[in-house]
Novice: 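Pasting a structure here, questions to come.
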Amino acid sequence: MFTTLNSLKNYSEQAIQAARYIGQGFMVTLDHMNRLPMTIQYPYEKLVPSERFRGRIHFEFDKCIACEVCVRVCPINLPVVDWELKKEIKKKQLKSYSIDFGVCIFCGNCVEYCPTNCLSMTEEYELSIYDRHDLNYDQIALGRLPISINEDLTIQTISNLSYLSKGSTEGHSNSRNVTNFLN
Ligand code: SF4
Ligand code: SF4
């Protein structure tokens with residue numbers, strides 16, 4: 001009889017302890033619910049890419065000397081440089097240039113090593129299309145100027161951490177704690 005009562009007491013104590021732990025966990029969860037969300041509501045809000053962000057590559061046809069350095073430094077020899085030798089002027093003449101963004105890993109090697117700076121990385125990252133072959137950009141598509149999200153008045157831009165002032169970690173106006181908000 002005594003043993004049964006003792007085990008029942010032990011069991012009750014353990015159950016109370018477990019309930020206390022669950023209650024503490026629940027209070028932490030409630031505290032998180034007391035904060036305003038830090039979500040970026042894409043596509044109505046977009047994060048400003050950093051200055052060195054490696055997005056879609058921009059190409060300037062007139063600057064290219066068809067040296068093919070970009071092909072040699074590319075991990076997969078991706079850029080297709082089509083040129084012909086003009087014997088009368090003893091120079092290569094570029095005929096066409098293309099990069100397949102379905103294969104490109106956006107490492108930026110080609111941009112780093114291009115001797116005439118005709119390649120550059122843009123902040124464009126919205127390249128998705130329905131046909132895989134549409135990702136093979138020719139010199140016309142590569143030469144298109146990037147659309148800056150700062151110029152798009154239909155969206156709200158959110159600064160990323162690297163653009164925020166010292167000590168600030170919240171780029172979003174809605175990311176304040178409810179308690180701070182009310183003060
Ligand atoms: S970004 Fe990298 S993978 Fe893409 S074309 Fe340039 S070197 Fe090649
Ligand atoms: S490295 Fe630059 S200049 Fe040379 S072929 Fe490539 S894009 Fe043209």
Side-chain angles (χ1 to χ4, degrees), residues 32-71 73-82 94-183:
H32 278 267
M33 289 168 74
N34 185 35
R35 300 170 195 180
L36 286 168
M38 294 184 81
T39 318
I40 291 169
Q41 301 288 345
Y42 185 88
Y44 309 108
E45 296 172 343
K46 289 178 190 173
L47 203 62
V48 181
S50 62
E51 281 175 21
R52 297 183 64 190
F53 180 78
R54 300 197 296 260
R56 195 258 300 169
I57 294 168
H58 179 257
F59 172 72
E60 288 171 74
F61 190 87
D62 297 343
K63 281 193 190 173
C64 181
I65 53 172
C67 64
E68 293 188 57
V69 165
C70 52
V71 185
V73 295
C74 177
I76 39 180
N77 306 123
L78 180 62
V80 178
V81 189
D82 185 17
L94 186 66
K95 283 163 67 185
S96 67
Y97 188 94
S98 65
I99 293 177
D100 188 345
F101 289 121
V103 188
C104 177
I105 58 166
F106 299 89
C107 64
N109 268 3
C110 52
V111 176
E112 286 290 322
Y113 287 94
C114 175
T116 59
N117 288 333
C118 59
L119 293 171
S120 54
M121 313 275 335
T122 68
E123 59 182 38
E124 242 179 59
Y125 53 85
E126 293 160 323
L127 303 177
S128 44
I129 35 84
Y130 287 103
D131 185 352
R132 189 244 168 279
H133 301 288
D134 287 347
L135 282 172
N136 193 0
Y137 280 39
D138 63 3
Q139 68 264 17
I140 312 277
L142 285 169
R144 184 173 52 78
L145 284 175
I147 303 158
S148 171
I149 63 165
N150 288 318
E151 287 162 17
D152 189 347
L153 300 177
T154 60
I155 57 161
Q156 191 189 341
T157 54
I158 313 286
S159 300
N160 72 28
L161 282 180
S162 59
Y163 288 125
L164 295 178
S165 51
K166 200 177 172 196
S168 176
T169 52
E170 292 162 356
H172 201 295
S173 55
N174 281 349
S175 60
R176 283 168 297 181
N177 186 299
V178 169
T179 327
N180 291 342
F181 183 69
L182 293 174
N183 282 340

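Keep in mind that this is a model prediction, so the values were computed, not measured. By convention here, the first residue in the shown sequence is residue 1.
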Novice: Do you know the tightest heavy-atom contact between Val69 and Pro115?
Specialist: CB-CD, 4.4 Å
Novice: Where do Leu119 and Cys70 come nearest, in terms of heavy atoms and distance?
Specialist: CD1-CB, 4.0 Å
Novice: Let me confirm one number: the CG-OG1 distance from Leu153 to Thr157, rounded to the nearest 0.5 Å.
Specialist: 10.0 Å
Novice: Got a sec: does the OH of Tyr113 have more than 12 other heavy atoms crowding it under 6.0 Å?
Specialist: no
Novice: Is there a donor-acceptor pair closer than 3.5 Å between any side-chain N or O of Asp82 and the backbone N or O of Lys95?
Specialist: no
Novice: Calculate, to the nearest 0.5 Å, the distance between atoms CD1 and OG belonging to Ile140 and Ser98 respectively.
Specialist: 12.0 Å
Novice: Could you walk me through whether Arg132 and Asp100 pass side chain to side chain contact (heavy atoms under 4.5 Å, CB included), step by step?
Specialist: CA-CA 10 Å; Arg132 189 244 168 279; Asp100 188 345; 3.2 Å; yes
Novice: Would you say that Asn109 contacts Pro75 through its side chain, given a criterion of any heavy-atom pair below 4.5 Å between the two side chains?
Specialist: yes
Novice: Can you give me the closest heavy-atom contact between Arg54 and Met121, atom names plus distance?
Specialist: CB-CE, 3.6 Å
Novice: Of the non-hydrogen atoms in His58 and Leu145, which two are nearest, and what is the gap between them?
Specialist: NE2-CD2, 4.1 Å
Novice: Considering only residues two or more places apart or on different chains, which pairs with a residue in residues 126-146 satisfy ring-ring contact (aromatic ring centres under 6.0 Å, His included)?
Specialist: Phe101-Tyr137
Novice: Judged by atom type as modelled, is there a donor-acceptor pair below 3.5 Å linking the side chain of Gln139 to the main-chain atoms of Tyr97?
Specialist: yes
Novice: Considering non-hydrogen atoms only, spot the tightest contact between Pro49 and Tyr125 and give its length.
Specialist: CG-CE2, 4.2 Å
Novice: Within the side chain of Thr122, is there an N or O that forms a donor-acceptor pair under 3.5 Å with the backbone of Arg56?
Specialist: yes
Novice: Would a distance-only check, ignoring hydrogens and angles, find a side-chain to backbone donor-acceptor pair under 3.5 Å from Thr116 to Lys63?
Specialist: yes
Novice: Please evaluate residues Glu123 and Lys46 with respect to the criterion salt bridge (Lys or Arg N to Asp or Glu O under 4.0 Å), reporting the C-alpha separation (whole Å), side-chain torsions for both, the decisive distance (0.1 Å), and the verdict.
Specialist: CA-CA 12 Å; Glu123 59 182 38; Lys46 289 178 190 173; over 6 Å; no
Novice: Give, for atom CG of Asp138 and atom CD1 of Ile99, the distance between the pair rounded to the nearest 0.5 Å.
Specialist: 11.0 Å
Novice: Once you round to the nearest 0.5 Å, how far does CD1 of Ile76 lie from CD1 of Ile105?
Specialist: 6.0 Å
Novice: So if I apply the side-chain contact (heavy atoms from CB on, under 4.5 Å) rule between Pro79 and each of Cys74, Cys114, Cys104, which one comes out positive?
Specialist: Cys74
Novice: For Glu51, what residues pass the salt bridge (charged side-chain N to carboxylate O under 4.0 Å, His left out) criterion, not counting sequence neighbours?
Specialist: none
Novice: Go through Phe59 and Cys118 one step at a time and tell me if the side chain to side chain contact (heavy atoms under 4.5 Å, CB included) criterion holds.
Specialist: CA-CA 6 Å; Phe59 172 72; Cys118 59; 3.9 Å; yes
Novice: In the structure I gave you, are the side-chain heavy atoms of Gln156 and Ile40 within less than 4.5 Å of one another anywhere?
Specialist: no
Novice: To check you understand the geometry: which heavy-atom pair defines the closest contact between Ile57 and Leu142, and what is its length?
Specialist: O-CD2, 3.4 Å
Novice: Please determine whether the number of non-hydrogen atoms from other residues, nucleotides or ligands lying under 6.0 Å from atom CZ of Arg52 exceeds 12.
Specialist: no
Novice: Measuring from atom CG of Asn150 to atom CD1 of Ile155, what distance do you get when rounded to the nearest 0.5 angstrom?
Specialist: 8.0 Å
Novice: If the condition is side chain to side chain donor-acceptor pair (under 3.5 Å), which residues does Tyr44 pass it with, not counting sequence neighbours?
Specialist: none
